[in-house]
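Positions are given from 1 along the sequence. Atom set for the values below is all heavy atoms of this structure, side chains included, hydrogens, waters and symmetry mates excluded.
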Amino acid sequence: MISSRQLAYQYPGGAELRFEDIDVAQGGVLLLRGVSGSGKSTWLALAAGLLSPGGGDIMVAGQSLKALGKVAGDAWRARTIGFLPQKLHLSAALTVHANLAIAQWAAGQPQDDARIREALAALGVQELAARKPAQLSGGQAQRVALARAVLLQPQVILADEPTASLDDDAARQAVELLQATARQQGATLVIATHDSRVAASLDSQIGFQPLFLGRQQL
């Protein structure tokens, strides 16, 4: 679940960003809409505990993030948040399997090859485990990055512009994949986008709610 009250953040020298209060039940879907510079990436960073609120508070999976310190925040984020960035950040020097193993290592967990195989199989890319990112198509790379994001079975999945540069069919498939994966994991899904096609895909979904952000600069 995610709940925020009077949430605000201000970058040095910038205008204060204020966000509407929200309540998203566990397993629900939140769509962050807004043009570039409206605060979508800031909101995601606050929800992931990468930034501390300048005002108000946000609760994610039962944890208040206002006073979460760096060390505690890193540990909390590793076990709670699955993040799918717009730039997938797969290590070019490593195989798909090793890219997922690094996520376990970063969380302080021993490498679990069975869990890695399971995560890749759930996203339909288990046969790509020995390949390197340069050998993947764009859609395959996104599935691998999503497998990495959900490897540790997070309670919340954050996706930043997952349909950027995709055609209509690929965009629809990307949204469906995110929804199916979140349902399988029992996770709350947050998608940040300026793409109206995403809203069209989600409007009829139970538990879906939009949050429109203003035009303030990041």
Side-chain angles (χ1 to χ4, degrees), residues 1-2 24-30 44-51 59-65 68-162 173-192 207:
M1 56 78 69
I2 302 174
V24 185
Q26 186 64 31
V29 180
L30 175 67
L44 288 179
L46 288 165
L50 294 168
L51 294 176
M59 297 274 295
V60 179
Q63 172 66 55
S64 168
L65 304 188
L68 196 61
K70 184 181 185 311
V71 174
D74 289 346
W76 171 85
R77 186 165 46 255
R79 66 175 181 268
T80 307
I81 301 294
F83 191 66
L84 182 66
Q86 184 175 349
K87 295 182 179 180
L88 302 179
H89 300 300
L90 296 172
S91 175
L94 300 177
T95 65
V96 164
H97 186 98
N99 266 281
L100 269 66
I102 279 184
Q104 293 175 327
W105 174 82
Q109 297 186 7
Q111 182 170 325
D112 185 341
D113 292 332
R115 174 59 191 147
I116 292 172
R117 289 192 295 270
E118 179 184 344
L120 291 173
L123 274 299
V125 288
Q126 66 271 30
E127 75 280 3
L128 306 177
R131 294 190 189 181
K132 292 185 177 179
Q135 298 171 301
L136 306 177
S137 69
Q140 289 171 337
Q142 189 172 55
R143 284 175 177 264
V144 168
L146 183 54
R148 181 185 59 187
V150 301
L151 179 65
L152 303 181
Q153 299 179 310
Q155 296 179 57
V156 177
I157 300 172
L158 305 176
D160 189 6
E161 299 286 3
Q173 291 169 9
V175 174
E176 289 175 353
L177 179 65
L178 280 166
Q179 290 180 276
T181 304
R183 283 195 298 269
Q184 183 182 49
Q185 297 276 333
T188 302
L189 173 63
V190 181
I191 302 175

* Would you call D113 and R117 a salt bridge, taking side-chain N to carboxylate O under 4.0 Å as the test? -> no
* Atom CD in Q135, atom CD in Q140: separation rounded to 0.5 Å? -> 10.0 Å
* To do: Could you tell me whether the side chain of R183 and the main chain of G27 form a donor-acceptor pair under 3.5 Å?
  => no
* Report the distance from atom CG of L178 to atom CD of Q173, rounding to the nearest 0.5 Å. => 12.5 Å
* Begin from the C-alpha positions of D112 and E118 and carry the test side-chain contact (heavy atoms from CB on, under 4.5 Å) through to its verdict. => CA-CA 10 Å; D112 185 341; E118 179 184 344; over 6 Å; no
* Just by distance, do the side chain of R77 and the backbone of A48 share a donor-acceptor pair under 3.5 Å? -> yes
* **Whether D160 side chain and Q86 backbone form a donor-acceptor pair below 3.5 Å** => no
* To do: Quick one: closest heavy-atom pair of Q142 and A174, and the distance?
  => OE1-CB, 3.7 Å
* **Full working for side-chain contact (heavy atoms from CB on, under 4.5 Å) between Q126 and L128** => CA-CA 5 Å; Q126 66 271 30; L128 306 177; over 6 Å; no
* Asked: Counting distance only, does the side-chain N/O of H97 pair as donor-acceptor with the main-chain N or O of T95 below 3.5 Å?
  -> no
* Under the side-chain contact (heavy atoms from CB on, under 4.5 Å) criterion, do L30 and I191 qualify, and how do the steps go? -> CA-CA 6 Å; L30 175 67; I191 302 175; over 6 Å; no
* Can you tell me how far CD of Q184 sits from CD of Q153, rounded to the nearest 0.5 angstrom? -> 9.5 Å
* Identify the two heavy atoms, one from L120 and one from A147, that lie closest to each other, and give their separation to 0.1 Å. => CD2-CB, 4.0 Å
* Asked: If you measure from CD1 on I81 to CD1 on I157, what distance do you get to the nearest 0.5 Å?
  -> 10.0 Å
* To do: Go through the steps to decide whether R131 and L136 satisfy the test side-chain contact (heavy atoms from CB on, under 4.5 Å), and finish with yes or no.
  => CA-CA 8 Å; R131 294 190 189 181; L136 306 177; 4.2 Å; yes
* Structure fact -> When every non-hydrogen atom of A187 is compared with those of Q26, the smallest separation belongs to CA-NE2, 3.7 Å
* Do R115 side-chain atoms and L152 backbone N/O form a donor-acceptor pair below 3.5 Å? -> no
* Exam field: side chain Q111 to backbone W105, donor-acceptor pair closer than 3.5 Å -> no
* Asked: Side chains of L94 and I102: does their closest heavy-atom pair fall under 4.5 Å?
  -> yes
* Any idea which heavy atoms bring P133 and L90 closest together, and the distance? -> CG-CB, 3.8 Å
* Is there a side-chain contact between M59 and L65 (heavy atoms, below 4.5 Å)? -> no
* Ignoring hydrogens and geometry, is there a side-chain-to-backbone donor-acceptor pair from R143 to V125 under 3.5 Å? -> no
* Structure fact -> Separation between CD (Q104) and CG (L151), nearest 0.5 Å, reads 4.5 Å
* Should P154 and R79 count as side-chain neighbours, where that means a heavy-atom distance under 4.5 Å? -> no
* Nearest heavy-atom neighbours spanning A145 and L84 -> CB-CD1, 3.6 Å
* Structure fact -> In short, V29 meets V24 closest at the heavy-atom pair N-CG1, 4.2 Å
* To do: Would you give the length of the straight line joining atom CZ of F83 to atom NE2 of H89, rounded to the nearest 0.5 angstrom?
  => 8.0 Å
